[in-house]
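Since the structure comes first, as structure tokens, the remarks are kept for the end.
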Protein chains: 6
Amino acid sequence: MWVYEKKLEYPVRIKNTNLRAAKIIVSQYGGPDGELGASVRYLSQRFAMPYKEVAQLLTDIGTEELAHLEMVGTILYQLTRDLSEEEIRAAGFDAYFVDHTAGVYPQAASGTPFTAAALQSKGDPITDLHEDLAAEQKARTTYDNILLLVDDPDILDPIRFLREREIVHYQRFGEALRLVQDRLDARNFYAFNPALS
Amino acid sequence: MWVYEKKLEYPVRIKNTNLRAAKIIVSQYGGPDGELGASVRYLSQRFAMPYKEVAQLLTDIGTEELAHLEMVGTILYQLTRDLSEEEIRAAGFDAYFVDHTAGVYPQAASGTPFTAAALQSKGDPITDLHEDLAAEQKARTTYDNILLLVDDPDILDPIRFLREREIVHYQRFGEALRLVQDRLDARNFYAFNPALS
Amino acid sequence: MWVYEKKLEYPVRIKNTNLRAAKIIVSQYGGPDGELGASVRYLSQRFAMPYKEVAQLLTDIGTEELAHLEMVGTILYQLTRDLSEEEIRAAGFDAYFVDHTAGVYPQAASGTPFTAAALQSKGDPITDLHEDLAAEQKARTTYDNILLLVDDPDILDPIRFLREREIVHYQRFGEALRLVQDRLDARNFYAFNPALS
Amino acid sequence: MWVYEKKLEYPVRIKNTNLRAAKIIVSQYGGPDGELGASVRYLSQRFAMPYKEVAQLLTDIGTEELAHLEMVGTILYQLTRDLSEEEIRAAGFDAYFVDHTAGVYPQAASGTPFTAAALQSKGDPITDLHEDLAAEQKARTTYDNILLLVDDPDILDPIRFLREREIVHYQRFGEALRLVQDRLDARNFYAFNPALS
Amino acid sequence: MWVYEKKLEYPVRIKNTNLRAAKIIVSQYGGPDGELGASVRYLSQRFAMPYKEVAQLLTDIGTEELAHLEMVGTILYQLTRDLSEEEIRAAGFDAYFVDHTAGVYPQAASGTPFTAAALQSKGDPITDLHEDLAAEQKARTTYDNILLLVDDPDILDPIRFLREREIVHYQRFGEALRLVQDRLDARNFYAFNPALS
Amino acid sequence: MWVYEKKLEYPVRIKNTNLRAAKIIVSQYGGPDGELGASVRYLSQRFAMPYKEVAQLLTDIGTEELAHLEMVGTILYQLTRDLSEEEIRAAGFDAYFVDHTAGVYPQAASGTPFTAAALQSKGDPITDLHEDLAAEQKARTTYDNILLLVDDPDILDPIRFLREREIVHYQRFGEALRLVQDRLDARNFYAFNPALS
């Protein structure tokens with residue numbers, strides 16, 4: 001179980017609203033490679049992971065992704081405070097606003113609601129860790145793209161922090177994969193599913 | 001942010017595997033009225049909730065639903081351990097197994113992956129609290145149906161606990177709705193959105 | 001069965017096309033809280049509703065939502081007549097136009113096709129009525145948001161009518177819920193599903 | 001707008017419950033080629049249809065499909081009354097029951113919720129009528145398949161009626177297509193979209 | 001199986017990038033009536049098609065649609081080369097860019113990922129051919145709409161070629177339908193499914 | 001473009017129908033980790049891949065996955081020939097049959113239609129190659145699971161061939177990743193997106 005601590009993993013203090021930034025950053029809330037998907041992926045995979053330290057890693061990173069989800073939600077909230085009708089129209093935020101006002105909703109930038117179809121929990125340690133390595137790279141590229149499209153340093157600061165964490169997660173999943181492969185016959189490490197053996 | 005505590009909110013100790021039970025209980029993991037949807041709904045709505053005590057309630061209940069998600073995941077894991085090919089076929093678990101082995105995956109009993117289309121974060125306090133009251137009733141009915149279809153007391157015990165918690169949440173959301181309505185003009189409490197005023 | 005009467009429940013006479021308005025109003029045609037979902041929700045729930053007067057209410061309101069769907073479709077049609085290429089581009093209507101020309105298609109403002117994942121028919125009278133109360137509040141907020149974003153009085157007039165009807169429906173579902181609860185043991189009205197007893 | 005008449009287009013009187021039949025017939029309620037999709041398709045296309053008599057035909061058939069939806073819902077209700085736990089398990093109805101009890105819900109036999117992705121409203125008269133001809137043939141095949149899999153004459157009787165109506169609709173859409181083509185230059189009838197001219 | 005030939009079916013040589021054009025043309029890559037859906041539809045239907053020459057036609061046209069998919073992907077690639085941040089923002093391409101950079105991804109113009117819900121493989125020759133005739137008309141209308149919204153002759157040239165091919169496919173599917181109907185009893189050609197006889 | 005050659009990459013000759021096997025093998029046709037998704041993933045990613053030899057590899061493997069799709073479709077066709085009503089019921093194949101008869105349709109074993117939400121084309125070479133490595137491992141696990149659940153050697157033979165090919169693809173994508181990393185600054189190979197430089 002989890003205990004909530006009333007602070008963000010890293011501070012978010014955005015002075016100016018920015019609907020165009022919100023429209024794309026929402027993809028890191030509920031998009032195909034966003035923080036909700038990351039958290040659900042790792043917190044689901046850990047049940048069937050047969051290696052204790054890897055299961056622990058999935059719990060740790062899955063828990064941290066919840067903190068990232070909270071940070072991204074906070075960014076979205078701060079970017080969409082005190083909207084005027086003119087800003088909503090000028091930024092093309094109306095398609096979002098009509099269905100969610102300024103509520104934070106888990107969707108991609110395209111408007112597609114979050115779907116677990118974008119993640120897998122395969123019940124095979126080596127496969128799940130490959131899924132996780134790919135997930136971290138996809139999240140990293142999404143943050144890269146946000147960094148390209150956004151100028152406000154108040155936004156860039158927490159986004160850069162989040163991007164750095166994805167790289168750390170990528171490295172730790174890489175170590176976990178080596179750990180799993182070392183326990184299996186080196187030449188045949190994708191020959192069978194150790195979760196079933 | 002959240003801190004993980006390595007214990008379940010309520011113990012889950014299931015001695016016998018039961019794939020038919022797992023096939024329906026998975027709906028409380030990733031189905032339309034399940035714990036993942038509940039948690040995402042409340043933890044998303046809280047950002048735009050203008051009343052501090054209601055935002056706090058959403059955080060509290062959203063955090064508890066994460067603990068429920070973990071309990072349901074644990075139930076699924078214990079129900080699907082050490083499967084034999086014969087059990088998988090006899091229980092019709094093969095459609096799940098082919099894509100997820102015994103990994104825990106967020107989907108409905110029907111096999112549909114979890115989708116945020118089943119939840120709303122509307123950015124209007126009264127509307128969001130109605131969404132939440134309905135969500136708790138839908139989760140309650142789902143647990144009712146599981147209680148009808150499952151016999152093993154090891155499963156029934158945590159399921160009954162989870163069902164009771166939904167009723168407590170329902171009551172607390174009802175109190176929050178009254179609190180919000182009391183702050184608004186009594187006769188017109190659905191006349192405008194206080195989050196925008 | 002239904003008999004079609006060739007008139008709208010409330011007149012729709014829009015003189016000027018307005019693609020930006022059409023882009024958001026389409027959410028009340030096929031979006032997550034729109035009229036198609038409302039109609040399907042109520043007309044589906046009525047079969048398993050064990051109380052005759054509530055089943056009748058679901059039929060009545062479900063039938064009226066069909067009339068609202070027709071009104072919203074008429075609004076969309078009138079807003080998108082005689083389009084020029086320039087208007088389509090200027091309003092960002094091209095993403096809709098390429099796939100549906102000026103045909104009326106059931107989708108959300110975000111472009112997501114209508115999905116029944118956004119509604120529930122749970123087979124439990126108290127739960128279904130909570131779902132319905134939430135649905136009316138969500139539709140009400142959506143109309144609130146349209147009223148904020150649209151200026152043309154020709155559009156505002158039927159939208160205000162539709163919004164008022166949602167509030168009436170909300171009140172009637174509230175009465176139905178009390179009626180159902182009165183028939184059950186007062187203290188335990190969410191303790192079991194009367195549809196199964 | 002529509003007026004409800006409290007009778008079915010064709011009587012449905014099923015004496016014996018049959019969950020296996022319900023599991024497949026639900027596809028004609030909310031499946032890819034079912035009555036809900038048919039009704040939404042025709043009632044949506046009529047707005048942009050430039051030929052009055054074809055628009056009228058779409059209204060007529062769309063209205064009749066609503067009556068068929070009601071018949072299929074009634075069939076589902078009668079097939080799922082008074083369920084016992086044993087019947088639910090034996091028929092594999094538990095995946096449906098856990099999320100909807102015996103409520104009628106618009107989904108395919110596969111469990112996928114109804115989605116408008118399976119229908120098109122293209123804003124081009126010739127294209128929309130081809131869509132409609134195909135829809136009627138797909139519905140007809142679905143009824144053919146139900147007739148192959150079901151034995152109870154109480155079920156077969158209304159299913160045969162519904163199948164016959166699809167063939168009549170197919171013929172009427174064929175006449176409408178000829179009518180539209182006759183008004184266009186015969187050799188170039190798919191050369192441009194008369195809804196835009 | 002297929003052998004790749006390193007040339008396009010028809011040349012694509014676009015000198016100027018154009019993100020607004022790319023945003024709508026992507027619907028012919030992965031949208032509801034696009035080339036991916038066409039190819040998957042025909043290449044799936046052919047297995048159960050009981051008439052050899054029709055199965056061969058499905059293979060031929062399904063293979064050509066793969067070539068069209070490659071042409072549309074090439075158009076998208078050429079339209080999105082060497083993007084600047086300013087162009088991305090000005091064209092509203094940011095929602096796509098954040099999740100896919102300039103990678104080609106199978107989605108509709110609305111942003112909805114490609115879904116096979118928009119196509120059918122019904123296992124009935126007459127029904128499948130009606131599905132195919134409708135598919136070709138829907139693709140034709142989509143190309144019509146692109147031709148209306150795009151001005152650059154470098155884009156228009158391959159789009160016109162693709163549109164022409166859809167009409168040829170439509171005619172060939174019409175011939176196939178007549179061929180199938182001729183083999184069946186003329187008056188009852190939709191009375192049963194020859195794939196099952 | 002592609003040229004069709006009328007032979008399978010590896011022979012499929014199944015003597016006995018087997019609906020239970022078909023129900024799970026369909027996931028390799030249109031499921032989350034199946035051959036359709038693999039082919040679309042690689043054939044889409046190649047457009048934005050800046051390294052010629054990797055783009056060529058994506059084309060080669062994407063083309064081979066089309067051949068695998070054909071093999072899996074052939075397996076499905078041979079497993080579902082000449083069905084009797086009794087077999088359909090006994091195997092629980094009725095949910096599939098009602099909507100697709102014995103037509104091959106791209107869906108998961110769960111019944112969910114194929115969706116591109118399960119794949120990514122991210123426009124970043126390193127990220128896309130990680131996506132591909134994960135995809136091959138997920139496909140490999142799916143074949144592992146089919147091998148566990150199926151006994152007929154006529155089915156096992158082509159499934160084993162397909163599984164072996166996934167491992168070869170995995171190795172070749174691993175080589176491509178090293179090739180890309182070698183061209184970038186070794187210490188910072190995930191620091192920026194070379195497709196944008």
Side-chain angles (χ1 to χ4, degrees), chain E residues 1-9 29-30 36 40-41 43-49 56 59-60 62-64 66-71 73-74 76-78 80-83 97 99-107 112-124 127-128 193 195-196, chain F residues 1-9 29-30 36 40-41 43-49 56 59-60 62-64 66-71 73-74 76-78 80-83 97 99-107 112-124 127-128 193 195-196:
Chain E
M1 61 180 289
W2 287 265
V3 176
Y4 183 68
E5 250 181 61
K6 204 176 155 51
K7 65 167 187 177
L8 295 179
E9 185 185 345
Y29 196 81
L36 177 55
V40 173
R41 181 184 283 114
L43 294 179
S44 296
Q45 288 176 355
R46 73 195 167 118
F47 293 107
M49 178 60 66
Q56 179 62 42
T59 303
D60 289 350
T63 300
E64 186 177 352
L66 283 177
H68 295 178
L69 187 69
E70 186 184 34
M71 283 179 62
T74 304
L76 294 172
Y77 171 63
Q78 296 187 3
T80 59
R81 277 177 303 195
D82 307 318
L83 301 177
F97 185 85
D99 280 330
H100 309 294
T101 323
V104 174
Y105 179 75
Q107 66 164 44
T112 305
F114 174 76
T115 166
L119 64 94
Q120 200 29 310
S121 172
K122 200 75 190 182
D124 177 317
T127 299
D128 279 350
N193 179 350
L196 291 177
Chain F
M1 61 180 290
W2 288 264
V3 177
Y4 184 69
E5 248 181 63
K6 204 176 155 52
K7 64 169 187 176
L8 295 179
E9 184 184 345
Y29 195 81
L36 177 55
V40 173
R41 180 184 283 113
L43 295 180
S44 296
Q45 289 177 353
R46 70 195 171 118
F47 294 107
M49 178 57 69
Q56 179 62 44
T59 303
D60 288 351
T63 300
E64 186 177 351
L66 283 177
H68 295 177
L69 187 69
E70 186 184 34
M71 281 179 63
T74 304
L76 294 172
Y77 172 64
Q78 295 187 3
T80 59
R81 279 177 302 196
D82 308 318
L83 303 177
F97 185 85
D99 280 328
H100 309 294
T101 322
V104 173
Y105 179 76
Q107 66 163 45
T112 306
F114 174 78
T115 167
L119 64 95
Q120 200 28 310
S121 172
K122 200 76 188 179
D124 177 316
T127 300
D128 279 350
N193 179 351
L196 291 178

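These numbers come from a predicted model, not from an experiment. Lettering follows sequence order; numbering is per chain, from 1.
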Fill in: Qualifying residues under side chain to side chain contact (heavy atoms under 4.5 Å, CB included), relative to E:Leu119, sequence neighbours excluded
E:Val40, E:Arg41, E:Phe114, E:Ala116, E:Glu131, F:Tyr105, F:Pro106
Item to complete: Go through the atoms of E:Arg46 and report whether side chain, backbone, both or neither lie under 4.5 Å from a heavy atom of chain F.
Response: side chain
Worksheet item: With only heavy atoms counted, which part of F:Thr112 is less than 4.5 Å from chain E, the side chain, the backbone, both or neither?
Response: neither
Discussion item. Report which part of F:Leu8 has an atom under 4.5 Å of a heavy atom belonging to chain E: side chain, backbone, both, or neither.
Written reply: backbone
Worksheet item: Is the side chain of E:Glu5 donor-acceptor paired with the backbone N or O of F:Met1 at a distance under 3.5 Å, no angle test?
Response: no
Worksheet item: Checking heavy atoms, do the side chain of F:Gln120, its backbone, both or neither come under 4.5 Å from chain E?
Response: both
Item to complete: Calculate, to the nearest 0.5 Å, the distance between atoms CZ and CZ belonging to F:Phe47 and E:Arg81 respectively.
Response: 12.5 Å
Practice prompt. Would you please name every residue forming a ring-ring contact (aromatic ring centres under 6.0 Å, His included) with F:Tyr4, sequence neighbours left out?
Written response: E:Trp2
Discussion item. Give me the atom names and distance for the closest heavy-atom approach of E:Ala48 to F:Ala102.
Written reply: CB-O, 3.8 Å
Fill in: Polar side-chain atom of F:Thr115 near backbone of E:Thr115 as donor-acceptor pair, under 3.5 Å
no
Discussion item. Please rank F:Thr127, F:Asp128, F:Leu66 by heavy-atom pairs under 4.5 Å with chain E and give me the top one.
Written reply: F:Leu66
Worksheet item: Given the options F:Gly62, F:Gly30, F:Ala117, which has more heavy-atom pairs under 4.5 Å with chain E than any of the others?
Response: F:Ala117
Worksheet entry | E:Lys122 vs F:Asp99, side chain to side chain contact (heavy atoms under 4.5 Å, CB included): CA-CA, chis, key distance, verdict | CA-CA 7 Å; E:Lys122 200 75 190 182; F:Asp99 280 328; 4.1 Å; yes
Fill in: Contact class of F:Ser44 relative to chain E, heavy atoms under 4.5 angstrom
both
